[in-house]
Amino acid sequence: MKRTSILLAAALLGLSAAPAHADLKVATALSDLADVAQAVGGTHVKAVSLCQGYEDPHFVPAKPSLMRAIRDADVFISTGLELDGGWLPLVLPGSRNPKIQPGTPGFVDASEGVTVLEKPKGTVSRADGDIHPLGNPHYYLDPKALEVLADHLAEVFSGLDAANAADYAANAKAFDAKLDAGLARWQAALKPYAGAPVVVYHENFIYFAERFHLKIFGTVEDKPGIPPSPRHIAELAAQMKQAGVKVVLYQPYQDSSAAKGLADKAGATAIEAAFEVGGTDAAKDVTSKFDALVGDLTQTLSH
Amino acid sequence: MTRLCAGAGLWAALFLLILAPSPASASTNALMSNLANPSIGFNALMLAQVAPDLPGPDGLQFQEAEVSIVSVVDPLWTLWANLVFSETEVTPEEVYAISNALPDVTLKVGRFKAAFGKHGQLHRHAWPFIQSPFILVNTIGEEGFDGMGLEAAWMMPLPWYAELTLGAYRSQALAPGLASAPAEGQLMDLGSTSPENTPTLARLKNLWDLDDSNTLELGASGLQGLGADGRHRAAVGADLTLRWIPLRQSNQRGAILQGEYIQRLSYDDSGLSRECYGGYGSLQVRLDQDWWSGIRAEEATNATTDVLAQVNSGVTVMQPGRLQRASANLTWTPSEFSAIRLEGSIAKTDNDFGLPTMDRRLMLQTNFTIGYHPAHAY
């Protein structure tokens with residue numbers, strides 16, 4: 001009883017005495033967004049992601065503890081394009097934090113200003129799988145889209161914390177320059193493989209493929225959100241063999257046995273690659289994420 | 001009955017009005033935008049059942065269809081509506097506004113499912129088993145306690161997630177969801193029209209993250225009011241949920257271990273009576289991205305169920321007994337929007353009325369959703 005009381009008192013003391021190290025407390029729906037927010041915010045911002053890099057951003061459990069985690073946030077950054085539509089509609093109102101609700105200055109749709117790919121044309125039907133009706137939301141695999149986000153966040157942070165506006169603008173500029181340097185490096189590394197076909201688990205590679213001129217040959221999933229059937233795997237493996245596809249990419253949260261099984265059948269190599277920061281040990285931030293992904297691809301494609 | 005039909009007609013007309021295409025939409029685009037239209041979802045539940053111990057309900061049944069409509073009203077409120085269609089009526093199961101702009105507190109006003117327990121807050125299409133537990137049917141109602149009221153839910157400033165909900169509702173006798181009305185004294189009656197009667201509720205919910213993948217939830221609920229006979233009635237409950245969702249496989253694996261206990265009481269100056277009590281324990285296991293399985297054991301004392309219907313002088317009376325049931329199911333969910341569930345259950349009834357002592361059922365349920373599919377609570 002005495003121990004419980006001490007623990008409770010210590011916890012309450014910790015809450016009330018929490019020092020304001022950062023001028024802005026930022027929470028995000030995706031680890032890449034937190035990394036960009038931290039880069040732009042520098043020492044004035046403390047950014048955390050509700051979804052870990054090794055977690056499928058489509059299927060984040062809407063735990064009440066996530067609501068509690070953002071109850072005091074000053075800014076919330078949503079991935080937008082309904083990628084977080086399966087859980088954010090519960091978590092955001094559940095936080096009871098009026099500063100970060102949609103329509104307030106503290107709510108940011110990170111897809112704003114990004115050139116969205118694969119916007120459905122005509123009638124949207126779930127016969128095509130669990131598609132994203134507003135377009136493909138995995139834009140964070142394009143370094144240029146992250147630069148758009150960095151500039152957007154500099155404006156948002158400046159609006160909420162005008163005293164540090166100059167720092168936010170300078171940080172965003174430095175982030176853009178760092179990514180531009182990386183982009184030149186990654187484009188040079190992948191240039192010899194322009195047009196190379198790759199298979200991915202889910203339709204989340206298009207931004208990377210467009211930026212670096214790779215060809216998406218097919219997906220392990222039958223259709224978005226629909227698990228692969230044996231028939232689909234057999235047909236795709238035969239087509240891959242014929243076309244000489246060397247790579248099957250999958251993420252840490254996807255069914256590795258399906259990806260590896262397909263690669264084995266097709267004589268290709270299955271690569272577990274982080275598409276989100278924190279997905280693997282190598283993907284510590286957005287720059288190292290691209291470094292690791294480009295490194296894995298060039299190594300496999302060169303054989 | 002006339003009032004009910006008129007109400008149903010009104011809701012049906014409103015529903016048609018909402019869904020009806022605007023014939024002049026092409027020419028009025030510049031004047032009336034549809035960009036702020038609400039999100040609309042539609043769910044349909046159908047059931048095939050073999051139940052040799054019941055007199056009639058074998059075969060195919062249309063269980064219900066539910067239309068869900070939700071939209072932000074303005075910076076202060078969001079409005080939700082869940083209209084339920086059965087074969088004979090339309091019910092505004094929930095129509096409520098919820099606050100968007102209050103710090104630490106959520107206000108809910110309208111008609112809605114009260115925050116009592118765990119199972120009672122679920123919509124039928126989100127139930128983990130086809131049948132509602134006996135103890136719910138015999139206490140707060142098959143589909144939980146829903147009614148007109150006001151609730152405030154406060155996130156307490158504690159190191160874990162702790163939520164205290166307080167509610168007040170219009171007086172009512174709770175609908176148990178049985179084939180016939182239960183005998184007098186077996187109903188959770190909060191229907192006194194006395195000005196002193198305002199049914200009230202309190203619930204405390206706590207959730208701890210044990211680690212990245214495991215959470216422990218503990219809850220306690222209480223509901224009280226005055227019956228039409230002037231006697232105080234109350235239901236109290238406790239629930240425990242252990243959930244395992246490995247973050248690296250959140251769409252492929254998982255398990256939910258849940259238990260809930262509810263007790264119905266009545267009391268007045270002459271003393272307190274423990275009218276009905278019981279609970280359930282269940283385990284759901286996600287086997288794969290598209291397969292779930294579940295088992296449940298339950299017991300309720302001084303409770304009634306469909307096989308305990310006794311006809312006395314032309315009047316059907318639901319007699320009480322001690323009920324035990326075991327259920328098991330297997331669910332195939334090829335996508336987020338459809339599910340087919342096979343479920344078997346065996347119930348044993350211990351009664352003093354010479355009524356059947358077994359209730360065996362084999363059921364196949366289909367669950368389809370189109371349009372907007374709101375996220376389900378954790």
Side-chain angles (χ1 to χ4, degrees), chain A residues 7-8 10-12 14-16 51-69 71-72 84-99 101-104 125-126 129-130 221-229 251-256 258 279, chain B residues 39 70 72 74-76 78 98-107 153-163 205-210 212-213 215 217 243-254 288-291 333-338 369-378:
Chain A
L7 281 174
L8 186 63
L12 288 171
L15 266 187
S16 57
C51 176
Q52 306 304 311
Y54 47 79
E55 193 176 357
D56 191 334
H58 301 85
F59 301 105
V60 176
K63 291 192 274 193
S65 46
L66 301 186
M67 301 170 191
R68 189 184 163 278
R71 68 181 298 179
D72 297 320
D84 34 38
W87 56 280
L88 206 52
L90 285 174
V91 171
L92 217 47
S95 71
R96 285 102 159 152
N97 180 349
K99 287 186 288 184
Q101 302 304 317
T104 62
S125 167
R126 292 212 178 104
D130 193 2
E221 285 179 332
D222 241 331
K223 289 176 177 177
I226 309 290
S229 63
Q251 279 71 75
Y253 46 80
Q254 288 163 344
D255 181 4
S256 59
Chain B
S39 301
V70 59
V72 169
D74 57 26
L76 301 181
T78 296
I98 190 161
S99 64
N100 296 334
L102 292 175
D104 301 326
V105 174
T106 300
L107 270 186
W154 174 44
M155 195 198 297
M156 301 167 78
L158 291 171
W160 65 92
Y161 181 88
E163 182 187 69
K205 169 180 167 176
N206 298 278
L207 183 133
W208 293 269
D209 278 21
L210 303 178
D212 255 11
S213 305
T215 57
E217 182 181 335
R243 213 178 274 254
W244 170 66
I245 303 177
L247 291 193
R248 287 173 192 273
Q249 296 175 296
S250 61
N251 193 34
Q252 296 158 40
R253 294 278 187 276
D288 204 340
Q289 185 172 338
D290 43 8
W291 287 96
T333 54
S335 76
E336 291 272 292
F337 306 95
S338 70
T369 301
I370 55 173
Y372 177 65
H373 186 219
H376 286 302
Y378 182 72

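Naming: A, B, ... by sequence-line order, numbering from 1 per chain. The basis for the numbers below is simple: all heavy atoms, side chains too, and nothing from hydrogens, waters or symmetry mates.
When heavy atoms are compared at a cutoff of 4.5 Å, Pro334(B) approaches chain A solely by way of its backbone atoms N, CA, C and O. With a 4.5 Å cut-off on non-hydrogen atoms, Asp290(B) touches chain A through its side chain but not through its backbone. At a 4.5 Å heavy-atom cutoff, the contact between Asp212(B) and chain A is made by backbone and side-chain atoms alike. Neither the backbone nor the side chain of Ala162(B) comes within contact range of chain A; no heavy atoms are under 4.5 Å apart. Of the atoms belonging to Ser95(A), it is backbone heavy atoms, and not side-chain ones, that fall under 4.5 Å from chain B. Glu163(B) touches chain A through its side chain: at least one heavy atom from C-beta onward sits under 4.5 Å away, while N, CA, C and O do not. In this structure, the portion of Ile245(B) lying under 4.5 Å from any heavy atom of chain A is its side chain and not its backbone. Using a 4.5 Å cut-off between heavy atoms, Thr215(B) touches chain A through its side chain atoms alone.
Looking at every heavy atom in both residues, Trp154(B) comes nearest to Arg96(A) through N-NH2, 4.4 Å. Between Ala62(A) and Tyr378(B) the shortest heavy-atom distance is O-CB, 3.1 Å. Of all the heavy atoms in Asp104(B) and Arg71(A), the pair that sits closest is OD1-NH2, 3.0 Å.
The most heavy-atom pairs under 4.5 Å with chain B, out of Gln101(A), Glu55(A), Arg126(A), Gln52(A), come from Arg126(A). Ranked by non-hydrogen atom pairs under 4.5 Å with chain A, the options Val72(B), Val70(B), Asp209(B) are led by Asp209(B).
One finds the CD atom of Gln254(A) at 9.5 Å from the CD atom of Gln289(B) (value rounded to the nearest 0.5 Å). Atom CD of Gln252(B) is separated from atom CZ of Phe59(A) by 9.5 Å, given to the nearest 0.5 angstrom. Distance check, rounded to the nearest 0.5 Å: CD of Gln249(B) to CG of Asp255(A) gives 8.5 Å.
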>> Between Val60(A) and Ser250(B), is the side-chain contact (heavy atoms from CB on, under 4.5 Å) condition met? List the steps.
In response: CA-CA 7 Å; Val60(A) 176; Ser250(B) 61; over 6 Å; no
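Checked against side chain to side chain donor-acceptor pair (under 3.5 Å), Thr369(B) has the following partners two or more places apart in sequence or in another chain: Asn43(B).
Residues Glu217(B) and Pro64(A) fail the side-chain proximity criterion, which asks for heavy atoms closer than 4.5 Å.
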